[in-house]
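Just below is one structure, and these are the notes that go with it.
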Amino acid sequence: MLDTTPLTRAVDHFADRLRAAPQSRLQRSAAAEALALARELALRAQRLETPEGPFHEMPDVGMFAAADQVTVAGNDLALVLGDEDALAEAVALVEEAQRRAGV
């Protein structure tokens, strides 16, 4: 079984930083970056679980929910990942999104 701890740690760290960010940072870019990441992680999880689709886009439910959306999507993906390459790619996505978000 694949150890997905690196992904869950990266997701938790990003979510914690989002929760600690001031509202002005969330409004500028952090929340939008987090939502884009959550949508990508959710899409990857859906493709692994049900390759034939249909795929559903995670809704935008507001900047204060962005951290929770990243957490849910990241944990969902961690449950279905099957190989080290996909894990490393997911971790890199999270780290890059956090860098772009500036948190």
Side-chain angles (χ1 to χ4, degrees):
M1 185 164 172
L2 182 65
D3 179 11
T4 58
T5 303
L7 177 58
T8 56
R9 282 186 182 156
V11 164
D12 289 345
H13 184 259
F14 186 24
D16 288 345
R17 300 293 298 166
L18 288 165
R19 289 183 186 104
Q23 183 174 345
S24 60
R25 171 77 62 177
L26 293 173
Q27 288 172 320
R28 277 197 304 270
S29 64
E33 191 61 50
L35 178 60
L37 173 66
R39 286 176 170 168
E40 178 61 26
L41 296 177
L43 180 60
R44 287 173 184 238
Q46 290 176 70
R47 285 182 179 153
L48 289 170
E49 288 182 306
T50 314
E52 66 280 354
F55 305 120
H56 304 282
E57 182 175 78
M58 184 170 283
D60 182 349
V61 292
M63 69 179 155
F64 297 114
D68 293 332
Q69 288 180 296
V70 167
T71 300
V72 168
N75 287 329
D76 284 352
L77 181 58
L79 289 172
V80 296
L81 279 174
D83 65 71
E84 292 288 336
D85 291 338
L87 173 62
E89 190 175 311
V91 170
L93 281 174
V94 174
E95 290 171 347
E96 180 60 24
Q98 182 174 345
R99 185 194 63 73
R100 285 192 307 269
V103 294

Indicate the atoms forming the closest heavy-atom contact of [X] with [Y], along with that distance.
X: G82; Y: L2; result: C-CD2, 4.0 Å
X: V91; Y: A10; result: CG1-CB, 4.4 Å
X: A101; Y: S29; result: O-OG, 3.7 Å
X: A97; Y: E33; result: O-CG, 3.3 Å
X: T8; Y: T5; result: OG1-O, 3.0 Å
X: T50; Y: F55; result: O-CE2, 3.3 Å

Gap between atom [atom2] of [Y] and atom [atom1] of [X] - 0.5 Å precision:
X: L7; Y: E89; atom1: CG; atom2: CD; value: 11.5 Å
X: H56; Y: Q46; atom1: NE2; atom2: CD; value: 6.5 Å
X: L43; Y: M58; atom1: CG; atom2: CE; value: 10.5 Å
X: H13; Y: D16; atom1: NE2; atom2: CG; value: 7.5 Å
X: E96; Y: Q98; atom1: CD; atom2: CD; value: 10.5 Å

Start with the C-alpha gap between E40 and R44, add the side-chain angles, then the distance that decides, and say whether salt bridge (Lys or Arg N to Asp or Glu O under 4.0 Å) holds.
CA-CA 6 Å; E40 178 61 26; R44 287 173 184 238; 2.7 Å; yes
Can you confirm whether R17 is buried at CZ, in the sense that more than 12 heavy atoms of other residues, nucleotides or ligands lie under 6.0 Å from that atom?
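For R17, atom CZ is not crowded (no more than 12 foreign heavy atoms under 6.0 Å).
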Would you be so kind as to tabulate the donor-acceptor pairs closer than 3.5 Å made by side chains of residues 66-79, with sequence neighbours excluded?
unit_1	atom_1	unit_2	atom_2	d
D68	OD1	R19	NH2	2.7
Q69	NE2	P59	O	2.7
T71	OG1	A67	O	3.0
N75	ND2	T71	O	3.1

Show the numbers, then the answer: is there a side-chain contact (heavy atoms from CB on, under 4.5 Å) between R39 and D60?
CA-CA 9 Å; R39 286 176 170 168; D60 182 349; 3.8 Å; yes
Same cluster for F14 and L35 if Ile/Leu/Val/Met/Phe/Trp/Tyr side chains link at under 4.5 Å?
no
